[in-house]
Amino acid sequence: MKRNDIILIASVLFIAILSFGLYLAAHSEPGAFVRVVVDGEEQAVLPLNEDTTYEIETDSGVNLLEISDGAARIKEADCPDKLCVHQKKIQKQGESLVCLPHKVIVSVISDEEEDGIDAIAQ
């Protein structure tokens, strides 16, 4: 490979990474609610604009979901690995918290998703 080949490859990679970063920044909107799903069944939908704690009870244990300052996180869990407790707070559409031992998924959704309107229905 010659010098110009390396410059071309580096330029294409830089443009691709920059484009991906700009795309993510432009399409990450704050969510309005969090949806709590346990073992495939919706258990609750909670607003992100109200500070609260919610106890998620499953057949295999308990998780404590904390919503504060427009973000949600799993504050406590009695699962063996506690990976869900160490995940970052979520607040933008599409972000999720997952506790595999308890089969819990907490996802950020928008106003439209709560109303039952999705991209296909529009």
Side-chain angles (χ1 to χ4, degrees):
M1 288 184 38
K2 297 187 178 192
R3 181 174 173 246
N4 288 340
D5 294 335
I6 294 172
I7 291 173
L8 177 66
I9 292 170
S11 299
V12 169
L13 283 175
F14 176 75
I15 291 171
I17 291 170
L18 182 65
S19 298
F20 183 69
L22 291 174
Y23 173 80
L24 287 179
H27 290 89
S28 58
E29 299 175 12
F33 298 92
V34 288
R35 176 182 290 144
V36 179
V37 177
V38 178
D39 200 14
E41 295 183 21
E42 186 176 296
Q43 190 172 19
V45 176
L46 305 166
L48 274 173
N49 62 357
E50 296 177 17
D51 293 355
T52 187
T53 56
Y54 179 75
E55 190 171 279
I56 306 168
E57 295 183 27
T58 68
D59 294 337
S60 54
V62 177
N63 292 42
L64 186 63
L65 177 69
E66 177 185 58
I67 299 173
S68 63
D69 300 327
R73 71 181 183 115
I74 296 182
K75 185 177 181 177
E76 296 176 17
D78 61 0
C79 54
D81 57 10
K82 300 203 186 326
L83 291 176
C84 54
V85 176
H86 300 295
Q87 294 177 25
K88 70 178 188 82
K89 291 182 177 183
I90 58 173
Q91 61 188 9
K92 298 185 189 244
Q93 291 181 39
E95 292 181 325
S96 298
L97 297 169
V98 179
C99 181
L100 288 177
H102 293 165
K103 300 177 186 172
V104 172
I105 300 173
V106 179
S107 304
V108 178
I109 60 174
S110 66
D111 286 328
E112 291 83 21
E113 290 178 65
E114 173 60 17
D115 293 337
I117 299 172
D118 59 8
I120 296 172
Q122 294 180 359

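For the atom pair CD of E76 and SG of C84, the computed distance is 11.0 Å after rounding to the nearest 0.5 Å. Within the model, atoms SG of C99 and CD of Q87 stand 8.5 Å from one another, a figure rounded to the nearest 0.5 Å. Rounded to the nearest 0.5 angstrom, K103 NZ and I105 CD1 are separated by 11.5 Å. With rounding to the nearest 0.5 angstrom, the CG atom of D69 is 11.0 Å from the CG atom of L48.
In this structure, S110 and F33 approach most closely via the heavy-atom pair O-CD1, 4.1 Å.
Hydrophobic clustering of Ile, Leu, Val, Met, Phe, Trp and Tyr side chains at less than 4.5 Å, counting indirect connections, keeps V98 apart from I56. Criterion: ILVMFWY side-chain heavy atoms under 4.5 Å apart, direct or through other members. Under it, L64 and V85 are not part of a common hydrophobic cluster. Clustering ILVMFWY residues whenever any of their side-chain heavy atoms sit less than 4.5 angstrom apart, transitively, puts V12 in a cluster other than the one holding F20. Put simply, I7 and L13 are part of two different groups of oily side chains (I, L, V, M, F, W, Y) that touch within less than 4.5 Å, one to the next.
A donor-acceptor contact shorter than 3.5 Å is absent between the side chain of Q91 and the backbone of A72. A donor-acceptor pair under 3.5 Å is absent between the side-chain atoms of E41 and the main chain of V38, judged by distance alone. Remark: the backbone N or O of A77 is not paired with any side-chain donor or acceptor of N63 at under 3.5 angstrom.
At a cut-off of 3.5 Å, with distance as the only test, no side-chain donor of H102 or D39 sits close to an acceptor on the other residue.
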Check step by step if side chain to side chain contact (heavy atoms under 4.5 Å, CB included) holds for L46 and L65. CA-CA 10 Å; L46 305 166; L65 177 69; 4.0 Å; yes
Set out, in order, the CA-CA distance, both residues' side-chain angles and the distance that settles side chain to side chain contact (heavy atoms under 4.5 Å, CB included) for Q43 and V37, then state yes or no. CA-CA 5 Å; Q43 190 172 19; V37 177; over 6 Å; no
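Among V108, V104, V106, the one residue that satisfies the side chain to side chain contact (heavy atoms under 4.5 Å, CB included) test with L97 is V106.
A salt bridge does not link K89 to E66: none of the charged side-chain nitrogens sits closer than 4.0 Å to a carboxylate oxygen. Salt bridge status for R35 with E42: present, with a side-chain N to carboxylate O gap under 4.0 Å.
When side chains are defined from C-beta on, P101 does not count as touching S60, because their heavy atoms never get closer than 4.5 Å. Side-chain contact between I67 and V34: present, with at least one pair of heavy atoms (C-beta onward) separated by less than 4.5 Å.
Counting non-hydrogen atoms of other residues, nucleotides and ligands closer than 6.0 Å to CG of D59 gives a total of 12 or fewer.
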